[in-house]
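Only one structure is covered here, and it is reproduced in the block below.
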Amino acid sequence: MRSSTITVGVCLLICLTACSESADSADGANRTTPTPKVATASPTRPTPVAPLQIGQELTWGGGGQDSASGTTVVLAYEQPVKGVMPPGEGLGVDDGVWAAVEVKVCNKQGPDISSNQQPWSLAFADGTRAQTTGLNGGDLPKPEYPTLPTVVKAGDCLRGKIPFPVSKEHRPTKIVYQPASATTSTEWAVPPS
């Protein structure tokens with residue numbers, strides 16, 4: 001019984017305190033004056049970077065002795081790839097053809113790096129993207145760029161073609177490269193057919 005009385009007393013004290021604070025605020029006794037907001041310039045947007053042209057290298061790294069540095073370049077784009085059976089409907093493209101992007105990644109210096117097809121995609125004017133399929137072998141374009149992570153040691157390069165299933169009615173506008181370690185993507189313009 002004694003603990004109930006104490007509990008009820010504490011609750012009553014809290015309620016009265018809360019009511020008296022809101023009463024003070026209502027009559028203006030504890031009113032705070034709002035701080036005027038200072039006008040600030042709107043944040044500047046980074047200027048969009050124009051896509052690189054096929055054959056132009058992206059130079060990356062150089063963050064110190066413990067980081068790798070090198071280059072990445074798109075060497076060629078081909079659509080349709082001749083002599084290859086068209087992609088099946090299971091790849092999500094009706095009436096499709098194969099496109100191939102030939103790329104080269106070089107590790108100029110530093111620790112080993114890993115590279116594969118995953119960071120590459122094709123961007124279309126309507127905002128859609130074509131991702132790599134992870135397919136290899138058969139009659140896909142040669143030399144093939146690895147589908148699995150492949151080590152590139154300092155002073156070495158990795159070069160090959162990456163196949164993409166695309167509609168024969170649409171041509172991408174850009175080739176997009178964004179490895180997991182990058183905070184932004186790099187793009188190469190696809191020339192008109």
Side-chain angles (χ1 to χ4, degrees), residues 45-61 68-108 112-193:
R45 295 178 192 242
T47 305
V49 177
L52 300 172
Q53 298 302 308
I54 289 180
Q56 283 185 295
E57 290 185 336
L58 163 68
T59 301
W60 46 265
S69 63
T71 58
T72 300
V73 64
V74 172
L75 300 169
Y77 178 81
E78 182 182 3
Q79 179 185 340
V81 174
K82 299 185 182 13
V84 178
M85 289 185 58
E89 290 179 18
L91 294 176
V93 180
D94 295 329
D95 201 21
V97 295
W98 286 105
V101 177
E102 186 171 1
V103 302
K104 183 177 179 182
V105 174
C106 295
N107 183 357
K108 301 288 186 187
D112 295 349
I113 63 169
S114 178
S115 186
N116 61 28
Q117 294 181 8
Q118 185 276 328
W120 296 92
S121 64
L122 300 178
F124 294 84
D126 65 1
T128 59
R129 296 270 175 114
Q131 303 295 327
T132 61
T133 63
L135 298 174
N136 62 0
D139 62 350
L140 289 172
K142 306 291 188 261
E144 295 178 63
Y145 202 77
T147 55
L148 297 175
T150 302
V151 173
V152 184
K153 295 185 176 290
D156 202 2
C157 295
L158 186 59
R159 178 178 157 250
K161 295 180 180 181
I162 303 171
F164 292 89
V166 296
S167 166
K168 67 178 168 183
E169 303 299 322
H170 297 98
R171 187 171 177 88
T173 56
K174 296 179 274 189
I175 299 160
V176 181
Y177 176 68
Q178 186 168 2
S181 60
T183 57
T184 186
S185 62
T186 302
E187 301 170 340
W188 284 263
V190 174
S193 54

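Computed from a predicted model, the values in this text were never measured in an experiment. Sequence positions, counted from 1, serve as the residue numbers for this chain.
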[atom1] of [X] to [atom2] of [Y]: how many Å apart, nearest 0.5 Å?
| X | Y | atom1 | atom2 | answer |
| --- | --- | --- | --- | --- |
| Asp112 | Lys153 | CG | NZ | 4.0 Å |
| Thr184 | Gln178 | OG1 | CD | 6.0 Å |
| Leu52 | Leu58 | CG | CG | 6.5 Å |
| Arg171 | Phe124 | CZ | CZ | 10.0 Å |
| Leu148 | Asn116 | CG | CG | 7.5 Å |
| Thr132 | Phe164 | OG1 | CZ | 6.0 Å |

Determine whether a donor-acceptor pair (N or O, by modelled atom type, separation under 3.5 Å) exists between the side chain of [X] and the backbone of [Y].
| X | Y | result |
| --- | --- | --- |
| Ser115 | Pro149 | no |
| Asp139 | Met85 | yes |
| Trp98 | Glu78 | no |

So [Y] and [X], do their side chains get closer than 4.5 Å, heavy atoms only?
| X | Y | result |
| --- | --- | --- |
| Leu135 | Leu140 | yes |
| Val152 | Leu158 | yes |
| Trp120 | Val74 | yes |
| Val93 | Pro165 | yes |

Next item on the list: Check whether the side chains of Ser69 and Trp60 place a donor and an acceptor atom closer than 3.5 Å, and report yes or no.
Entry: no
Check: Is the closest side-chain donor-acceptor distance between Tyr177 and Ser121 under 3.5 Å?
Finding: no
Nearest heavy atoms of [X] and [Y], plus distance in Å:
| X | Y | result |
| --- | --- | --- |
| Val166 | Leu122 | CG1-CD1, 3.9 Å |
| Lys108 | Gly70 | CG-CA, 3.4 Å |
| Asn107 | Ile113 | ND2-N, 3.7 Å |
| Leu75 | Lys104 | CD1-CB, 3.9 Å |
| Ala99 | Gln79 | CB-CB, 4.1 Å |
| Glu187 | Val176 | CG-CG2, 4.1 Å |

Next item on the list: For the pair Val105 and Tyr145, evaluate side chain to side chain contact (heavy atoms under 4.5 Å, CB included) and give the outcome as yes or no after the intermediate values.
Entry: CA-CA 10 Å; Val105 174; Tyr145 202 77; 3.2 Å; yes
Notebook entry, point to check: Do Val81 and Val97 pass the side chain to side chain contact (heavy atoms under 4.5 Å, CB included) test, and can you show the C-alpha distance, the side-chain angles, and the key distance before you say yes or no?
Noted result: CA-CA 7 Å; Val81 174; Val97 295; over 6 Å; no
Notebook entry, point to check: Is there a salt bridge (Lys or Arg N to Asp or Glu O under 4.0 Å) between Glu144 and Lys161 once you walk through the steps?
Noted result: CA-CA 5 Å; Glu144 295 178 63; Lys161 295 180 180 181; over 6 Å; no
